[in-house]
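This report concerns only the one structure given below.
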Protein chains: 2
Amino acid sequence: MAAETLKIQQVAEKTGLSIYTLRYYELEGLVAPVPREKNGHRAYSEDDIYSIIFVTKLRAAGMPIADIRRYVELARQGESTAGERLQILEEHKCAVEQQLAELTQHLEVITFKIDYYRNLNGKGHDGC
Amino acid sequence: MAAETLKIQQVAEKTGLSIYTLRYYELEGLVAPVPREKNGHRAYSEDDIYSIIFVTKLRAAGMPIADIRRYVELARQGESTAGERLQILEEHKCAVEQQLAELTQHLEVITFKIDYYRNLNGKGHDGC
DNA sequence: GCTTGACCTAGAGTACACTCTAGGTTGTAT
DNA sequence: ATACAACCTAGAGTGTACTCTAGGTCAAGC
């Protein structure tokens with residue numbers, strides 16, 4: 001059971017990213033350079049996929065590409081940068097938590113409006 | 001105490017939007033056309049500010065400009081559109097709740113990574 | 001009367017994150 | 001041998017949401 005590798009198409013399916021985006025993320029340094037087969041095709045490892053999925057989490061949480069690149073660069077420099085990486089993640093965690101709090105608050109405003117409309121015409125379904 | 005109006009500068013301060021963005025939102029129909037003074041300057045009412053703030057909530061919750069415009073157009077058409085507006089808000093509420101759930105999940109992944117780094121070098125501050 | 005500052009419109013420019021096209025190579029199936 | 005499908009690179013194009021510039025009006029202060 002040697003290291004199995006995946007084609008870009010399969011990685012696209014696994015991660016939900018487009019092939020374009022996968023190449024773009026590599027170009028932008030959000031993903032470490034992916035090893036190539038002899039024919040030049042990308043050969044992704046399971047580890048690569050794991051880190052791509054982590055990148056999608058950071059993106060979904062609103063982290064800009066530049067910040068993720070910084071994080072990935074540090075990761076490639078080895079253990080000595082763990083402290084700085086910790087700091088980036090902690091800062092981002094704060095940002096996400098704040099965003100969460102704001103979203104919750106906005107949700108309340110929206111819910112309030114919904115209740116208003118519902119009282120107007122008596123209908124509505126409640127829940128998603 | 002007749003209807004007091006506000007200049008665009010004051011509205012910018014109250015809402016946290018730039019003057020450019022306020023004009024842009026009006027141009028794009030996210031805000032009903034603001035009445036002008038004789039000299040052509042915008043004269044915002046308190047109601048205008050209330051609805052601008054509501055728009056900022058929708059934007060912060062990720063609603064695209066096109067959807068907000070649709071909502072505002074309906075609102076201007078009167079009570080008969082309340083049902084459709086309710087539907088827009090409910091759909092968006094679902095989207096926000098889903099986003100909230102995803103963010104919470106991503107936060108867990110990030111927290112997990114943070115714990116990993118913290119165990120590596122023993123430091124970290126915990127909390128924002 | 002002239003400068004200054006806040007406002008106006010129309011339209012150009014920017015930032016970000018993709019997304020696609022063009023032109024080319026490689027590996028498998030007929 | 002040839003068609004085709006999936007891959008490659010480099011670079012152009014797109015969509016969204018602002019953000020700024022240019023050129024002009026208007027009221028208040030010196």
Side-chain angles (χ1 to χ4, degrees), chain A residues 4-45 48-49 52-72 92 95 99 102 106, chain B residues 4-45 48-49 52-72 92 95 99 102 106:
Chain A
E4 308 269 321
T5 64
L6 294 166
K7 295 283 208 171
I8 197 167
Q9 172 78 66
Q10 299 170 295
V11 177
E13 280 157 16
K14 282 211 176 192
T15 60
L17 296 173
S18 72
I19 290 175
Y20 300 137
T21 304
L22 285 169
R23 291 197 276 243
Y24 168 70
Y25 278 6
E26 185 181 349
L27 185 71
E28 290 296 312
L30 273 59
V31 171
V34 179
R36 308 299 154 111
E37 294 169 14
K38 275 169 188 160
N39 58 17
H41 291 197
R42 286 169 180 82
Y44 290 89
S45 68
D48 288 332
I49 290 164
I52 290 166
I53 289 173
F54 185 64
V55 166
T56 65
K57 304 271 183 213
L58 294 178
R59 283 292 303 124
M63 189 183 279
I65 297 232
D67 293 7
I68 300 176
R69 176 170 38 230
R70 174 91 187 116
Y71 178 88
V72 171
H92 190 61
Q99 199 187 338
E102 279 167 16
H106 300 160
Chain B
E4 308 268 322
T5 64
L6 294 165
K7 296 283 209 172
I8 197 167
Q9 173 78 66
Q10 300 170 296
V11 177
E13 281 158 15
K14 282 210 175 193
T15 60
L17 296 173
S18 72
I19 290 175
Y20 301 137
T21 303
L22 284 170
R23 290 198 277 242
Y24 169 70
Y25 278 6
E26 186 182 348
L27 185 72
E28 290 296 312
L30 273 59
V31 171
V34 179
R36 308 299 155 112
E37 291 169 16
K38 275 167 190 164
N39 59 15
H41 291 196
R42 287 169 179 82
Y44 291 89
S45 68
D48 288 332
I49 290 164
I52 290 167
I53 289 172
F54 185 65
V55 167
T56 64
K57 303 270 182 213
L58 294 177
R59 283 291 304 124
M63 189 183 278
I65 294 221
D67 293 7
I68 300 176
R69 176 167 40 230
R70 174 92 186 117
Y71 178 89
V72 171
H92 189 62
Q99 199 188 338
E102 280 168 15
H106 300 161

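Only this structure's heavy atoms are used, side chains among them; waters, hydrogens and symmetry mates stay out. Throughout, protein chains are lettered first and strands after them, A, B, ... in sequence-line order, and every chain is numbered starting at 1.
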Which of dA27(D), dC7(C), dC7(D) is nearest the side chain of Ile8(A)? It is dC7(D)
His41(A) or Leu27(A), whichever maps to the more 5' nucleotide of DNA chain D | His41(A)
Side-chain N,O (Arg42(B)) to OP1/OP2 (dA6(C)) below 4.0 Å | no
Can Glu28(A) and Arg59(A) be counted as an ion pair, charged N to O under 4.0 angstrom?
-> no
To the nearest angstrom, how far is Arg69(A) atom CZ from dC16(C) atom P?
-> 10 Å
Please report, rounded to the nearest Å, how far the P atom of dT9(C) is from the OH atom of Tyr25(B).
-> 18 Å
Mind calculating the distance between CG (Leu17(A)) and P (dC18(C)) to the nearest angstrom?
-> 8 Å
Hey, does the side chain of Tyr20(B) come within less than 4.0 Å of dT21(D)'s phosphate (OP1/OP2), counting only N and O?
-> no
Interatomic distance where CD belongs to Glu26(A) and P belongs to dC8(D) [whole Å] = 9 Å
Between P of dT14(C) and OH of Tyr24(B), the distance in whole Å = 17 Å
Close side-chain approach of Ile65(A) and Tyr25(A), heavy atoms under 4.5 Å = yes
Could you go step by step and tell me if Arg42(B) and Leu6(B) meet the side chain to side chain contact (heavy atoms under 4.5 Å, CB included) rule?
-> CA-CA 8 Å; Arg42(B) 287 169 179 82; Leu6(B) 294 165; over 6 Å; no
Rounding to a whole Å, what distance do you find between Leu6(B):CG and dA6(C):P?
-> 16 Å
Base, sugar-phosphate alone, or nothing: which one does Arg59(B) contact when heavy atoms must sit under 4.0 Å apart?
-> sugar-phosphate
Flag side-chain contact, heavy atom, 4.5 Å: His92(A) against His106(B) = no
dT19(C) phosphate, OP1 or OP2, under 4.0 Å from Thr21(A) side-chain N/O | yes
Check whether any side-chain nitrogen or oxygen of Arg23(A) sits under 4.0 Å from OP1 or OP2 of dC8(D), and answer yes or no.
-> yes
Determine: side-chain N/O of Arg36(A) to OP1/OP2 of dT25(C), distance under 4.0 Å, yes or no.
-> no
Once you round it to whole Å, what is the distance between P of dT25(C) and CD of Glu37(A)?
-> 18 Å
Atom-to-atom span, CG of Leu22(A) to P of dA17(C) - whole angstrom | 16 Å
Are any of the side-chain heavy atoms of Glu37(B) and Lys7(B) separated by less than 4.5 Å?
-> yes
Look at all strands and tell whether Gln9(B) reaches a base, only sugar-phosphate, or nothing, counting heavy atoms closer than 4.0 Å.
-> sugar-phosphate
